[in-house]
Amino acid sequence: MGEQIDTIDHDLAANYYFQDNRDGSARVRRELRYARSLWNTCAQLQVRLPFMTKYPAASPSSSSGETPYSGFGNAELRYYYGNVAPTFDHSIEVGAAFPTETNGVVSNDTQLKFFYNLKWKWDGGSVAYSNEYDQTVIRPPGAGDTSYYEGLLTLPAWSFADSPAWRGLKLSAIYDYRVLFSDNDLYQSAVGGIMSGTVNDFAINVTDSWGIGPYGLWKYRVEATAAVRL
């Protein structure tokens, strides 16, 4: 929820993540996002276009996985409204994910998404907490059913660069967890770190996280986002 990425007038952003799952499978998502301010800089309309690649797990009779396959994912349309203040930021997002997938890379259900993000700031640090709720509203035969709450806690940020070209780069620890209501309230979690800030004209965000406990969110995941003003 950093102001470097989410509150500029309009932006073009690229997002990439690689996720290594606990069952031996993996997936890659590459996403383009265009956001345009509406009546002021606090309100934005966002369009997100994802492209997915899935790497199936190895079968019991083979030491290697099946052939990877790729396709377009679920396009999203979101409305964002945020308020930035010297000591406290907060924002809301409401979005819809549409059944635009191809080649079976994700479920072809239609989902509604709700976000509420908070960030407390002080000299030299900050703490942020993000709430997300995703719910399937249209489920075709054979499609998956999505219903979960996810919370992301970002602990105090430590600044480690203060040059004109590398403005405000910070390191933080994160705790990410999810409650799957569609799977008997299964609790999954992960821990990791995040680097965020501005490099020249680009706002960047890089996250590494590892699943913990018997039902970790994933085995390992790396995610990077870069946004630029247009």
Side-chain angles (χ1 to χ4, degrees), residues 12-35 45-79 93-115 130 132-150 152 176-190 192 205-211 213-226:
L12 182 65
N15 173 270
Y16 169 92
Y17 79 65
F18 169 80
Q19 180 175 309
D20 186 11
N21 296 315
R22 297 164 69 92
D23 63 0
S25 65
R27 66 177 177 176
V28 170
R29 185 185 71 184
R30 304 169 185 87
E31 181 183 87
L32 288 177
R33 184 194 76 195
Y34 175 73
L45 190 65
Q46 302 176 356
V47 177
R48 297 169 178 251
L49 305 174
F51 187 81
M52 312 287 297
T53 299
K54 300 193 78 170
Y55 299 83
S59 63
S61 59
S62 173
S63 59
S64 61
E66 300 177 16
T67 302
Y69 55 98
S70 301
F72 192 72
N74 299 122
E76 292 188 29
L77 181 66
R78 292 190 191 180
Y79 168 78
E93 289 184 60
V94 180
F98 301 100
T100 54
E101 63 82 28
T102 59
N103 207 23
V105 291
V106 288
S107 176
N108 65 340
D109 59 328
T110 301
Q111 302 173 23
L112 291 182
K113 301 188 175 191
F114 305 92
F115 305 82
S130 299
E132 177 181 352
Y133 177 66
D134 289 21
Q135 177 62 54
T136 295
V137 291
I138 301 176
R139 181 175 177 266
D145 184 26
T146 299
S147 181
Y148 69 82
Y149 168 83
E150 183 167 350
L152 175 63
D176 194 355
Y177 71 95
R178 186 178 295 178
V179 180
L180 299 176
F181 302 120
S182 56
D183 193 6
N184 298 317
D185 296 345
L186 178 66
Y187 185 93
Q188 300 176 295
S189 58
N205 196 308
V206 180
T207 304
D208 282 308
S209 59
W210 295 262
Y215 304 106
L217 271 171
W218 38 72
K219 183 178 179 181
Y220 170 72
R221 178 167 167 169
V222 59
E223 182 172 4
T225 301

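Values below: every heavy atom of this structure, side chains too, minus hydrogens, waters and symmetry copies.
Under the 4.5 Å side-chain criterion, counting only non-hydrogen atoms from C-beta, L180 is in contact with Q188.
When every heavy atom of T100 is checked against every heavy atom of A75, the shortest pair comes out as OG1-N, 2.9 Å. The heavy-atom pair separating A190 from S209 by the smallest distance is CB-CB, 4.4 Å. Listed here is the closest heavy atom pair of G73 and V106: CA-CG2, 4.0 Å. Closest heavy-atom contact between Q46 and A35: CG-CB, 3.7 Å.
The local environment of OH in Y215 is sparse, with at most 12 non-hydrogen atoms from other residues, nucleotides or ligands closer than 6.0 Å.
The side chain to side chain contact (heavy atoms under 4.5 Å, CB included) check on T102 picks up F72, with sequence neighbours excluded. Residues forming a side chain to side chain contact (heavy atoms under 4.5 Å, CB included) with L112 (at least two apart in sequence, or on another chain): A96, F114, V137. For K113, the salt bridge (Lys or Arg N to Asp or Glu O under 4.0 Å) partners at least two apart in sequence or on another chain are E76, D134. Taking A143 as the reference, S107, N108, D109, R139, P140 meet the side chain to side chain contact (heavy atoms under 4.5 Å, CB included) condition, with sequence neighbours excluded. Residues passing the side chain to side chain contact (heavy atoms under 4.5 Å, CB included) test with L45, sequence neighbours excluded: L38, L77.
Atom-to-atom distance recorded for D176:CG and E132:CD is 9.0 Å, nearest 0.5 angstrom. Taking CZ of F115 as the reference point, atom OH of Y79 lies at 15.0 Å (rounded to 0.5 Å). Y69 contributes atom OH, which lies 9.5 Å from atom CE of M52 (distance to the nearest 0.5 angstrom). One distance of note links CG of L152 with OG1 of T207; it measures 8.0 Å at 0.5 Å rounding. Atoms OG and CH2, on S189 and W210 in that order, are 14.0 Å from each other to the nearest 0.5 Å. Summarising the geometry, atom CG belonging to N21 is positioned 10.0 Å from atom CG belonging to L217; distances are rounded to the nearest 0.5 Å.
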Practice item. Test V28 against Y55 for side chain to side chain contact (heavy atoms under 4.5 Å, CB included), laying out the working first. Key: CA-CA 8 Å; V28 170; Y55 299 83; 3.9 Å; yes

Point to revise | Trace of the side chain to side chain contact (heavy atoms under 4.5 Å, CB included) decision for F51 with S70 | key: CA-CA 7 Å; F51 187 81; S70 301; 3.7 Å; yes

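Applying the salt bridge (charged side-chain N to carboxylate O under 4.0 Å, His left out) test to every pair with at least one member in residues 13-32, sequence neighbours left out, gives these pairs: R29-E223, E31-R48.
Ring-plane geometry between F181 and Y133 is classed as tilted, the angle between the planes lying from 30 to 60 degrees on a 0 to 90 degree scale.
No side-chain donor from either of T136 and Q111 sits under 3.5 Å from a side-chain acceptor of the other.
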